[in-house]
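Step one of this worksheet: look at the structure below.
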Amino acid sequence: MSKTSMDRRDVVVTGIGLVSCAGEGIAAHLEAFAAGRPKATDTKRFAPYPVHPAPPLLLDGQIPKKSDQRQMEAWQRLGVYAAGLALDSAGVKQDAAFKAAMHLVVACGGGERDTAVDGAILTGLRDAADPGAYLNEHLQNDLRPTLFLAQLSNLLAGNIAIVHGVTGASRTFMGEEASGVDALRNAQSRIASGQIDTMLVGGSYSAERPDVLVVHEMGGYLRKGDYRPVFEREGEGEAGFILGSTAAFLMLEAAETAAAREATIFARLLPVESDRPRREAGSVGRSLSTLWGEAASKPDLVISGATGVKEITAEERAALDVLVPGTPVTALGDLTGHSLEVTAPLGAALAAALISEGRAREITITTVGHRRGEGVIRLSALS
Amino acid sequence: MTNSSPPDSRKFRDIHGRPLVAVTGLGIVTSLGQGQVDNWAALTAGRSGIHSIARFSTDGLRTRIAGTVDFLDTDPLVAPALSQRFAEEAAEEAITQSGIGTKGNFPGALFIAVPPVEMEWPQRQSLAQASGQNGDITYSDLQRAASSGRFDAWHDLFIFATVADNIADRFGTKGSPISLSTACSSGATAIQLGVEAIRRGEMQAALCIGTDGSVNPESLIRFSLLSALSTQNDPPEGASKPFSKNRDGFVMGEGAAALVLENAEAARARGATILGYVLGCGEKGDGFHRTRSSPDGAPGIAAIRAALHDAGTEPDSIDTINAHGTSTPENDKMEALGCAAVFGERIRSLPISSNKSMIGHTLTAAGAIEAVISLLTVTHGRIPPTINYAVPDPALSLDVVTSARDARVSRVLSNSFGFGGQNTCLVLGDEPA
């Protein structure tokens, strides 16, 4: 498809909100980047699957009302918290009018099951004389009625609207890693083309939940045992990803409107490239190379969303060795674990922070979905 | 012959100077049937697709009715598979009508509103059984069963991107497909995303789909626990009664709709038949409450006004409103309030109708299904009725269409107001301004 012939404005990052096992905020994530390995790994709670847990958070700091906190489970709380951090970072948290006009794109899946209720129902179903009636009775009586609202994909955006007053409009994109890439792509495009001036973009993922572990164990995507660097999981039984509870949000703005309100500009986000060619041996390497070329990428460093899944991780490594020989590559899986929808927003936010700190002038983020989809995201210093 | 001169191109631009977005293909599946012909015949005859649920036991349930699509089936019968099936049928119809591209080669991107995806009870039970656990079952047992490798095919079934992936493969859409949700306005948002992409020149065509095949015990019970559903199970076809005094909640429905959107100039250039235009899209968030709207109706009003502004048109140009009209006490009141605020006194004589009276609330698909019906309304010059309007709500001063009404319809406002405060309105029409 063609690039628009319309004049394209510069799109800049003016706010960053980050929560992961590294901690909360920009400084904690820059520290994690420097350390190059995850700050926390929990191998016990969900054994045999390790996870990188969310840090303890003082929820009151970003979600003042206890009633709001109670309406949500971990996935939504993490996201609402990180969105609040981004608004603080952008200096607009107290500006009700600004937030009331602001649009939101959230990339995410869905919310946590009540695993205790599920287990009890499964146990009872085994011997139930009338399984259909049994299921109905227990779903009606044992589920808390508002749990559904804590599970609905679009209600992460809904809660951000309610708690933070971001009520321009929202869209929720679903679809694992690619949805995070496309959330950035869509927002960048809308702003660059002049359709909108400001957006809050990001996502949230909670790893500390047995239900998603079942889904990803089907297909054998989960790493078992302890943490090991993402690009060192080629050995027998080493492959797979370690899920990490993570939330990341960025404020994106047209450079001119950011300048007009004297906002702090972290970095520029260039047009995002993504595609979804059929997966087969070699396809990831080819796809990355093509997207890299389309992005005209020339980074000082690379942030990789590599998952540690066999073959595709090796293909990505090999492609990067050809595309950017000698350029440092840091895997997000070595900082926060794998966070699916949040991978791209996390990488972009971290890149923006690094550029703002003068650690690089240009950074490229790669996202190779564990099952499908590749993305290349480029950030650069504004001047 | 020279390239098109500015005056020619200007006629394909809207009032804001953006490329006009034409609709060249429509596809629809609902409980009333498959395809435009069967659906239009049923809708204009005031037939209901709501019936007692046969798909699973409704023993003990307060709500035992829905507008399920029973004539299309999948194995396994789970929401993502069923939603995909409906989407395929609708997309096939729309693309065939549009004549765009070639088979398996759609020259544009896919924007598809899909219902949230998760493992369902039959699969959970299979895993539990396979685990061999004879005591209390926990997710550790399910994980052990999963690690046997026997259920690996279910990984793709229960992640979010698969429906879009399969649709994109089958129809050959370009680039990375977008799967989206804005709750009950999702179908409209899919259309809006396509419109925006064409307007900024990113593509000349977009395949916009909304689909929902998620009537299963847990989905039904979740809405029931929020007191959102009608419990007037008998007769089923009488339960969905938008704008009525005795309305008591919505009825879940299923279905899908697909629209082929094109840059109007490109559509004309290839000789396509233009069925209508998406003239405007408006949206506004509501931060008041997770399931209730702001009491002042401001967000709904703002969404309607934004759609009209985007279309470069005034309230007076709207010939009929395709309502969100869910038949909940709350929505219908707020929607009437919002429409009255925008249209003023004229609201008393501006025909308004809710398709949900016949097909129920098709959730993720609703905004797209109702956009298709709105365009058929324009094409046929006939407004489908709101059935079950036996006891009008005196608090709402609306001109509710109660039997199919012939009218010159050039502009339709289609409303979608979603849970969690996502409001999206579309202005659809026959000719550009």
Side-chain angles (χ1 to χ4, degrees), chain A residues 1-2 4-6 71 109-110 115 118-119 122-123 125 130 132-133 135-137 139-140 143 145 148-149 152-155 157-158 161-162 165 167-176 178-179 181-182 186 189-190 193 195 210-211 213-220 274-276 371-373, chain B residues 56-57 59-61 109 114 116 118-119 121 124-125 127-128 136-139 142-143 146-147 149 151-152 154-156 158-161 164-165 168 174-183 189 196 200-203 217-218 221-222 225-226 283-287 289-291 299 420-422:
Chain A
M1 286 173 298
S2 60
T4 181
S5 57
M6 292 163 72
Q71 285 288 332
T115 53
D118 283 354
L122 286 168
T123 307
L125 274 172
D130 184 342
L135 181 65
N136 293 344
E137 182 193 342
L139 287 176
Q140 281 186 125
L143 289 176
F148 183 35
L149 303 176
L152 262 179
S153 302
N154 69 284
L155 271 175
I162 290 167
T167 53
S170 73
R171 289 102 183 259
T172 296
F173 289 5
M174 306 170 298
E176 295 69 57
S179 67
V181 178
D182 289 337
N186 186 258
S189 234
R190 285 175 75 192
S193 67
Q195 289 178 332
D211 50 357
L213 296 172
V214 174
V215 172
H216 291 297
E217 179 63 338
M218 296 189 296
S274 64
D275 204 355
R276 185 207 58 108
R371 178 60 189 82
R372 51 178 72 99
Chain B
F56 50 86
S57 166
D59 211 324
L61 293 183
V114 294
E118 62 178 355
M119 183 176 299
W121 283 98
R124 228 170 257 131
Q125 279 177 269
L127 285 168
D136 290 343
I137 296 170
T138 69
Y139 267 77
L142 306 187
Q143 285 157 13
S147 65
F151 303 98
D152 282 359
W154 287 353
H155 169 268
D156 280 5
F158 297 124
I159 59 173
F160 285 79
D165 198 47
K174 305 291 172 273
S176 186
I178 287 179
S179 304
L180 63 123
S181 178
T182 51
T189 302
E196 288 170 356
R200 58 177 182 262
E202 213 166 281
M203 58 194 75
E218 186 151 5
I221 289 167
R222 277 160 159 163
L225 288 173
L226 292 174
E283 55 183 344
K284 186 77 183 87
D286 185 344
H289 188 271
R290 288 157 191 92
T291 55
Q422 279 124 130

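Chain identifiers are assigned alphabetically (A, B, ...) following the order of the sequence lines, protein sequences preceding nucleic acid strands; residue numbering begins at 1 within each chain.
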(message) With a 4.5 Å cut-off on side-chain heavy atoms, are A:F148 and B:L226 touching?
(response) yes

(message) Testing the basics here: between B:G175 and A:D275, what is the closest heavy-atom pair and its distance to 0.1 Å?
(response) CA-OD1, 3.6 Å

(message) For the CG atom of A:L155 and the CZ atom of B:R290, what is their distance to the nearest 0.5 Å?
(response) 8.0 Å

(message) Could you report the tightest heavy-atom contact between A:L139 and B:L225, atom names first, then the distance?
(response) O-CD1, 3.9 Å

(message) Test your reading of the model: is there a side-chain donor-acceptor pair from B:Q422 to the backbone of A:T172, 3.5 Å cut-off?
(response) no

(message) For a quick test of reading the model, state the closest non-hydrogen atom pair linking A:G219 to B:D152 and the distance between them.
(response) N-OD1, 2.7 Å

(message) Does any backbone or side-chain atom of B:P299 lie under 4.5 Å from a heavy atom of chain A? Answer side chain, backbone, both or neither.
(response) neither

(request) Counting only heavy atoms closer than 4.5 Å, note whether B:T189 contacts chain A via side chain, backbone, both or neither. (result) side chain

(message) With chain B as the partner, which of A:L135, A:V181, A:L213 has the greatest number of non-hydrogen pairs under 4.5 Å?
(response) A:L135

(message) Shorter than 4.5 Å, heavy atoms on both sides: which option in B:L127, B:V114, B:L61, B:D59 has the most such pairs with chain A?
(response) B:L61

(message) If you define the side chain from C-beta out and look only at heavy atoms, does anything of A:H216 sit under 4.5 Å from B:I159?
(response) yes

(message) Is the shortest side-chain heavy-atom distance between A:R171 and B:L180 below 4.5 Å?
(response) no

(request) Ignoring hydrogens and angles, tell me if any N or O in the side chain of B:S176 forms a donor-acceptor pair with the backbone of A:R276 under 3.5 Å. (result) no

(request) Heavy-atom pairs under 4.5 Å with chain A are the metric here; pick the option from B:K284, B:R124, B:H155 that has the most. (result) B:H155

(message) Between A:G165, A:G373, A:G168, A:G132, who has the most heavy-atom pairs with chain B when the cutoff is under 4.5 Å?
(response) A:G168

(request) Return yes if some donor-acceptor pair links the side-chain N/O of B:E196 with the main-chain N/O of A:R190 below 3.5 Å, else return no. (result) no

(message) If you define the side chain from C-beta out and look only at heavy atoms, does anything of B:Y139 sit under 4.5 Å from A:D118?
(response) yes

(request) Output the distance between atom OG (B:S147) and atom CD (A:E217), rounded to the nearest 0.5 Å. (result) 5.0 Å

(request) Using non-hydrogen atoms and a 4.5 Å limit, figure out which bit of B:A164 sits close to chain A: side chain, backbone, both or neither. (result) neither

(message) When you compare the side chain of B:T182 with that of A:N154, does any pair of heavy atoms fall below 4.5 Å?
(response) no

(message) Give me the atom names and distance for the closest heavy-atom approach of B:F160 to A:E176.
(response) N-OE2, 2.8 Å

(message) Heavy-atom pairs under 4.5 Å with chain B - which of A:S274, A:G220, A:S189, A:A178 has more of them than the others?
(response) A:S189

(request) Let me know if A:T115 has heavy atoms under 4.5 Å from chain B in its side chain, its backbone, both or neither. (result) both

(message) What's the separation between atom CG in B:D156 and atom CZ in A:R372, rounded to the nearest 0.5 Å?
(response) 5.0 Å

(message) Looking only at heavy atoms and a cut-off of under 4.5 Å, which of A:T167, A:L125, A:N186 has the most pairs with chain B?
(response) A:T167

(message) If you count heavy-atom pairs within less than 4.5 Å of chain A, which of B:D165, B:T138, B:I178 leads?
(response) B:D165

(request) Could you tell me which portion of A:Q140 (side chain, backbone, both or neither) has an atom closer than 4.5 angstrom to a non-hydrogen atom of chain B? (result) both

(request) Measure B:F56 against the heavy atoms of chain A and call it side chain, backbone, both or neither at under 4.5 Å. (result) neither

(message) I want to check something: taking the side chain as every heavy atom from C-beta on, are A:N136 and B:I221 in contact at a cut-off of under 4.5 Å?
(response) yes

(message) Are B:E218 and A:L143 packed together at the side-chain level, in the sense that at least one heavy-atom pair is separated by less than 4.5 angstrom?
(response) yes

(request) Below 4.5 Å from any heavy atom of chain B, which atoms of A:D211 appear? Answer side chain, backbone, both or neither. (result) both

(request) Select one option (side chain, backbone, both, neither) describing which atoms of B:W121 are under 4.5 Å from chain A's heavy atoms. (result) side chain

(request) Against chain A, label B:Q143 side chain, backbone, both or neither, depending on which of its atoms sit under 4.5 Å from a heavy atom there. (result) both

(request) Identify the heavy atoms of B:A128 and A:L122 that sit nearest to each other, and give their distance. (result) CB-CD2, 4.2 Å

